[in-house]
Amino acid sequence: MQYDHKHIEKKWREKWRADKTYKVLNDPSKPKYYVLDMFPYPSGAGLHVGHPLGYIASDIVARFKRHQGFNVLHPMGYDSFGLPAEQYAIQTGQHPAKTTEENAARYREQLDAIGFSFDWDREVRTSDPAFYKWTQWIFLQLFDSWYDPRADKARPIAELIARFEAQGCMGQDASVLTGDVEEFMGEFTAAEWQAFDERTKQMVLQHFRLAYLSEAWVNWCPALGTVLANDEVKDGVSERGGHPVERKRMKQWSLRITAYAQRLLDGLDGLDWSDSIKEAQRNWIGRSEGAMVRFAVNTDLTPGPSPQERGEMQRDVPVDLRFDTANKRIYRDLKDRARRMRKEPTEAEAALWKALRNAMTGEKFRRQHVIQDFIVDFVCLPRTLVVEVDGSIHDQQADYDRYRTQQLEAYGFKVIRFTNDEVLRDKKAVVARIKEELAQRPTLEWPEGHFDEPDDAGTPPLSPGEGPGVRPHTPRRPQAEAAFHIEVFTTRPDTLFGVSFLTLAPEHELVSLLTTEDRRAEVETYVTKAKNRSERERQAEVDKVSGVFTGSYAKHPFTGADVPVWVGDYVLGGYGTGAVMAVPGGDQRDWRFAKHFGLPIIAVTEGADIDKAADERKDATICSEGFLKGLKVPQAITRAIEELERIGAGAGRVNFRLRDAAFGRQRYWGEPIPIHYQDDIPYPLPASALPLQLPEVDKFLPTEDGEPPLARAKDWTYDGHPLETTTMPGWAGSSWYFLRYMDPHNEDRFASPEAIDYWKQIDLYVGGSEHATGHLLYFRFWTKFLYDRGLIPFDEPAKKMVNQGMVQGISMMANVLASTRNGEEHYQVLALDNKTEGAFERNYPVDHVMFRDGRYWIDMAGAERTRTISAFRSYQLDAPSIELRPVVEKMSKSKFNVVNPDDIIAKYGADTLRLYEMFLGPLEQSKPWDTNGIEGTYRFLRKFWNLFHQGGASGKGGESGEGGEKGDNGDAPVPSTLRVDNTGLLVTDAPPTKPELKTLHATLKKVSEDIGKMSFNTSVSQFMIAVNELGSLKCNKRAILEPLTIALAPFAPHIAEELWEKLGHGTSITTAAWPQWEARHLEEDSFTYPISFNGKTRLQLDFPLALSKEELEAAVLAHPEVQAKLDGQAAKKVIVVPKRIVNIVA
RNA sequence: GCCCGGGUGGUGAAAUGGUAGACACGAGGGACUUAAAAUCCCUUGGUCCGGAAGGGCCGUGCGGGUUCGAGUCCCGCCCCGGGCACCA
């Protein structure tokens, strides 16, 4: 009876399908285990041998867990939205749904052939409306949520609206709610909120929603006609197809994954995932601690680059600025800040304010008023008198206060100062002093109505020529709405004293504003050039230094020194604030820039050789003059942040590299985004309108106006309002699909709470590591979100994950002499198509390749077709043989190196394929596929089969019928040979011998442990060892073979089922309990000790394990061979490790 | 540049600090066979001594170290694969 894999595998494939052997019920009475594979995108190319690697591993675990009594969820489905089907549709007009359907059917056939234990009743497809209904529903939940940083979780947007209605967004809220999530939005009171029109309210809410529409820089891929997420772009080109990608600013749906940055980072610690994946995610999230530093833009106080400008400034400033009190560029910012300060006055300020009002000075005072770059505590504008109340803080900033006074006086103000103490102790004295000063001040005329602001917010900037009769102030730069400070993020605030310039990214919003007229042309040329460059070009020019000076200066927050502001493309617009403080002494990039443009390089650390390079050591000592001198870097960082916070010029800040995820794609084949627009404001569709199904379109291309394909649909509206035309990206469905498997046919919910509560997290997730910063991050993000909203009871999707390595192909490359020109030989490298079996058939231009003696030869005799021959001749080959070179590379259709599992299965069977894929090496390792090695596993299965059919004899051509007569070649008689019908089985019920039991239990032990460790290659070798040993022992005993069959079943299910049935079992082997190994069968009474001398093994001696260490030592030393080795000398020392080794130190 | 992996026979690879190369492929030799397929047996890290039986020496990328003993632990390099990359 020969092992006939074709017959056996077909039989069981059909039986499993008919019996629904792998159907899984949600049965809370049983312990659960959830093993999931990353579902595939069903491409037209079908599966190659690399694809099933992970599926086989997870299938083994799933089957193993079933034997152990777990209720195992092991489903499969298709990630069926995606670009290839759509590209195919564009080329051929075939609807992507049809392409997808065909490809999925082909995948199913191939998967079935391998014998996976998937429950296909739970299949999901992301492109199925019944599935994407819930993808859309989850999107609506994201749209309906905001992230509350104080609760550190997502909450319904209604709670935020209620909060705004009750208390507005003021003070603390304004910074907490908006500060870290998006750009600062300012404050509004409850009354203001209520007064906002609908449009404004919705605009404000967009800044909070987890799914939001915003104008943003995106990765635009013109060739694909769509936007891509950051993880879909590699080295400046699209990951799929390798098309160039540009930065473009456009309206775009995004998901606020940045709100989860810290939790995504923290969550990694508890996950049993590979270090490389966790590390990749950590890098991608890119947390860095440092400080936000505000540099006041100081153009009006500082010398400009040209003498004319400098002269003008010195002449104008003191006159104009007394009246035009707010520096236009920072006005808005200061005003906001002043307003906040006014809401939270210190005790002394409040007391003085009250006293001044009561004192009836006859003058109008303003508090927390903006004057140019300063916010003064109190001011009487007509009398140009400033009153400052200094908190204890001022003890430490006497220098800054002096500077401040000096500057204010330069504008024509008189400054008088009181301490907190003075004010609180004797208000009357203070007020008297102020009155005294007022009497001495002249009164100035101001334009009529200039101060008539409703909320006394500060003096609005004057328009040119508006001043009180003095010379009109002519701004040298256009007026700007949002100009203020330049904020920079730095991880090294300790180096602040080494700042010699600031650099802005070319796309920084303040660039234009800060550019002086004489530099405008140059700056604009530079910025335009930088912006128009593709991401790829930018990366290619990374080592070139370029930049341009804006002509403006900022003010150093500690020293007050003028710091020139530059623009440079080494600063990225998308990270931090898009601006850096340049410390050439402490940062190599700044150093290069400074060197290139001859800017000052200031040493910040002791022992730095700043002529050669920046000193980036994190254990250095700061040498800058000032309060940081002598501190080590970490202490100096802390100290610098304290100082920044104290003087209000910055704060400690954690920054993340992670960006919000672009969520809209200008493509057809994806989930429609369930949003409609009224008055250009996005509104969600009601859940009852889901699924919002993909409309029919005439073409799958963008419209003539560049609108996405969905814009082609007739009547793409909801309730008369236009619907969103972009679709979701490929990763939408895969971000939550694991939940749908739990309850795949639920029409009322994405999955029932009972099902989710039963199956919970994935116990084992198997898939490729290439998804580290894409799918696996979004997957975790959505899970955390659903958890926050109380929809699922866990906040990580997968407890354990294993990444299978890549199975590489071996491509045959031929070096062909293409031509000889000028005596030089020109070779062309050709890739040849492989057709397994050692023979490599031509692709182009060589017709036939033979494989012999480990070398590859092209056989010219095989050239048949004229086309080939002529192509061949055109290379003027003068020799019939060319050496070929195998190259290991990614297995791919385009590289002619694909090995199809169908071919392998046809020849060797699925069980052999499964075993071989596992035997190839450690699961996580990448390895080239070499079909030649498969013979070994095929032989193993035949030997295993023969154990049951040849009375334990392992060879000698035993044919089925004659088996009985062979009984005499076994050690044991075969009295009770079991025969089931005509199966030819030859198995006895004789009691097993000790060595047989030892082999069995050693195997059970090793395999049980190895599956737990996901070490399948060593399990397979253990099976081979067992079969070899049992073959030598001529073992055909049921007591040994039956448990061994169960143990092999997860690896080779078809043959195991067949033998199990032959052994007389009426139910599937999948229901059999896993055989436990027993230590007693592995116990030995003696051990063969390696006896080593000075660590080198010289001989082996057998000793009973019962011997004590001392007895063993004595026995070893007494042994004649040991004595001979010692040659009369006494051993210096003897190390005895029981059951391991004896080492004699001579 | 930074961060993860990894480097062991002709090949894929094993090896809780304890006999390096299990298991398998390939190769060589042999048995069976008219032949082939299939199957089985022997050899197979390198090198040296020996007719043989045996035995010696060297060997896990390189150089150091810890240890009775290191592929395994520590330090410093080199190379390969992967991730991130002007991230301030």
Side-chain angles (χ1 to χ4, degrees), chain A residues 2 234-235 274-284 286-288 290 488-492 495 503 505 538-539 541-545 568-572 574-583 586-590 592-593 616 655-659 769-770 772-773 805-806 853-854 916 919-922 924-937 939-940 942-943 946 950 953-958 1015 1017-1025 1028 1031 1088-1100 1131-1137 1139-1146:
Chain A
Q2 294 239 327
K234 288 239 151 63
D235 300 323
S274 76
D275 287 341
S276 60
I277 294 272
K278 291 208 263 189
E279 208 48 41
Q281 291 208 348
R282 285 191 189 105
N283 284 339
W284 190 260
R287 180 191 154 104
S288 49
V488 302
F489 175 72
T490 177
T491 54
R492 294 291 301 278
T495 62
T503 314
R538 195 189 66 76
Q539 286 188 10
E541 290 168 15
V542 155
D543 37 348
K544 283 194 201 158
V545 177
D569 68 355
Y570 79 98
V571 178
L572 302 174
Y575 181 74
T577 60
V580 301
M581 55 179 230
V583 184
D587 184 289
Q588 192 56 31
R589 296 158 302 188
D590 298 337
R592 284 203 317 164
F593 196 86
E616 297 184 327
N655 215 16
F656 293 94
R657 197 146 73 197
L658 185 70
R659 301 269 66 99
S769 55
E770 68 272 20
T773 52
M806 207 175 27
D853 296 343
Y916 186 55
F919 186 63
L920 228 40
E924 309 201 11
Q925 201 169 301
S926 287
K927 52 238 160 185
W929 177 270
D930 177 11
T931 303
N932 289 328
I934 204 167
E935 290 289 347
T937 48
R939 268 199 274 274
F940 156 73
R942 280 201 307 259
K943 288 193 227 173
N946 288 344
Q950 295 177 1
S954 44
K956 311 274 190 244
S1015 175
N1017 55 328
T1018 51
S1019 308
V1020 176
S1021 33
Q1022 181 59 41
F1023 280 120
M1024 290 174 169
I1025 292 168
N1028 289 344
T1088 306
Y1089 280 94
I1091 311 298
S1092 60
F1093 291 78
N1094 298 324
K1096 288 174 187 174
T1097 308
R1098 281 295 112 97
L1099 56 125
Q1100 294 182 9
K1132 284 200 191 105
K1133 194 174 173 188
V1134 180
I1135 286 102
V1136 176
V1137 185
K1139 229 183 159 181
R1140 284 261 180 247
I1141 201 167
V1142 177
N1143 189 19
I1144 296 161
V1145 186

K.L.:
How would you list, by chain and number, every residue that makes a side chain to side chain contact (heavy atoms under 4.5 Å, CB included) with S1015(A), sequence neighbours excluded?
P.N.:
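Expected list: D1010(A), K1013(A), N1017(A), T1018(A).
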K.L.:
Rounding to a whole Å, what distance do you find between F940(A):CZ and rA38(B):P?
P.N.:
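Computing the F940(A):CZ to rA38(B):P distance gives 19 Å.
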K.L.:
Please round to the nearest 0.5 Å and tell me the distance separating atom CG of N946(A) and atom CD of Q2(A).
P.N.:
7.5 Å
K.L.:
Could you give the CD-to-P distance, from Q281(A) to rG82(B), as a whole number of Å?
P.N.:
20 Å
K.L.:
For rG9(B), which nucleotide is its Watson-Crick or G-U wobble mate, given both distances must be under 3.5 Å?
P.N.:
none
K.L.:
Could you state the atom-to-atom distance from CZ of F593(A) to P of rA88(B) in whole Å?
P.N.:
18 Å
K.L.:
Checking Y1089(A) now: which residues fulfil ring pair (Phe, Tyr, Trp, His ring centres under 6.0 Å) with it, not counting sequence neighbours?
P.N.:
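Partners of Y1089(A) under the ring pair (Phe, Tyr, Trp, His ring centres under 6.0 Å) test: F1087(A).
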K.L.:
Taking any strand in view, what nucleotide pairs with rA85(B) in a Watson-Crick or G-U wobble way, both distances under 3.5 Å?
P.N.:
none
K.L.:
Strictly under 4.0 angstrom, non-hydrogen atoms only: write out the protein contact profile of nucleotides 54-72 of chain B, one letter per nucleotide from the 5' end, B, S or -.
P.N.:
--SSS---------BS---
K.L.:
Quick one: list whatever passes ring pair (Phe, Tyr, Trp, His ring centres under 6.0 Å) with Y916(A), sequence neighbours left out.
P.N.:
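With sequence neighbours excluded, Y916(A) shows a ring pair (Phe, Tyr, Trp, His ring centres under 6.0 Å) to W929(A), given in chain and number order.
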K.L.:
Base, sugar-phosphate, or nothing for I1025(A), non-hydrogen atoms under 4.0 angstrom?
P.N.:
sugar-phosphate
K.L.:
The criterion is ring pair (Phe, Tyr, Trp, His ring centres under 6.0 Å); which residues satisfy it with W284(A), sequence neighbours excluded?
P.N.:
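If we apply the ring pair (Phe, Tyr, Trp, His ring centres under 6.0 Å) test to W284(A), skipping adjacent residues, there are no hits.
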K.L.:
Quickly work out the W284(A) CH2 to rG82(B) P distance and round it to whole Å.
P.N.:
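In whole Å, rG82(B) P and W284(A) CH2 are 17 Å from each other.
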K.L.:
Write down the partner of rA35(B) under the Watson-Crick or G-U wobble criteria, each distance required to be under 3.5 Å.
P.N.:
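Its partner is none (no Watson-Crick or G-U wobble pair with both distances under 3.5 Å).
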K.L.:
Could you measure between the two P atoms, the one in rC32(B) and the one in rA37(B), and give it in whole Å?
P.N.:
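The same atom, P, in both gives a distance of 16 Å.
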K.L.:
For rC68(B), give the paired nucleotide (Watson-Crick: N1-N3 plus N6-O4 or O6-N4; G-U: N1-O2 and O6-N3; both under 3.5 Å), or none.
P.N.:
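Partner of rC68(B): rG18(B).
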K.L.:
Give a yes/no answer on whether the side chain of S769(A) brings an N or O atom under 4.0 Å of OP1 or OP2 in rG83(B).
P.N.:
no
K.L.:
In whole angstroms, how far is the C1' atom of rC25(B) from the CD1 atom of I934(A)?
P.N.:
12 Å
K.L.:
Write down the distance separating the P atoms in rG45(B) and rA24(B), rounded off to the nearest Å.
P.N.:
15 Å
K.L.:
Taking only residues two or more places apart in sequence, or in another chain, which ones meet M806(A) in a side chain to side chain contact (heavy atoms under 4.5 Å, CB included)?
P.N.:
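Listed in chain order: Q808(A), K890(A), S926(A).
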K.L.:
How does protein contact run along nucleotides 12-17 of chain B, one letter per nucleotide 5' to 3', with B for base contact, S for sugar-phosphate only, - for none, heavy atoms under 4.0 Å?
P.N.:
BSS-B-
K.L.:
In chain order, what residues pass the side chain to side chain contact (heavy atoms under 4.5 Å, CB included) check against K544(A), with sequence neighbours excluded?
P.N.:
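Per chain and number, K544(A) pairs via side chain to side chain contact (heavy atoms under 4.5 Å, CB included) with E541(A).
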K.L.:
With sequence neighbours excluded, what pairs up with F1023(A) under the ring pair (Phe, Tyr, Trp, His ring centres under 6.0 Å) test?
P.N.:
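F1051(A).
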K.L.:
For the P atoms, the ones on rU72(B) and on rG18(B), what distance do you get once it is rounded to whole angstrom?
P.N.:
11 Å
K.L.:
Both distances under 3.5 Å, Watson-Crick or G-U wobble: report the partner of rC77(B), or none.
P.N.:
rG61(B)
K.L.:
Across the strands shown, which category fits R939(A) at heavy-atom distances under 4.0 angstrom: base, sugar-phosphate, nothing?
P.N.:
sugar-phosphate
K.L.:
If rC40(B) has a Watson-Crick or G-U wobble mate with both distances under 3.5 Å, name it; if not, just say none.
P.N.:
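The base-pairing partner of rC40(B), which may sit in any strand shown, is rG30(B).
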K.L.:
Using a 4.0 Å heavy-atom cut-off across all strands, classify V1020(A) as base, sugar-phosphate, or nothing.
P.N.:
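No contact.
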K.L.:
Quickly work out the E616(A) CD to rA88(B) C1' distance and round it to whole Å.
P.N.:
10 Å
K.L.:
Roughly, in whole Å, what's the span from CG in N283(A) to P in rG5(B)?
P.N.:
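Going from N283(A) (CG) to rG5(B) (P), I get 12 Å.
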K.L.:
How long is the line joining CE of M806(A) and C1' of rG5(B), in whole Å?
P.N.:
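It works out to 14 Å between those atoms.
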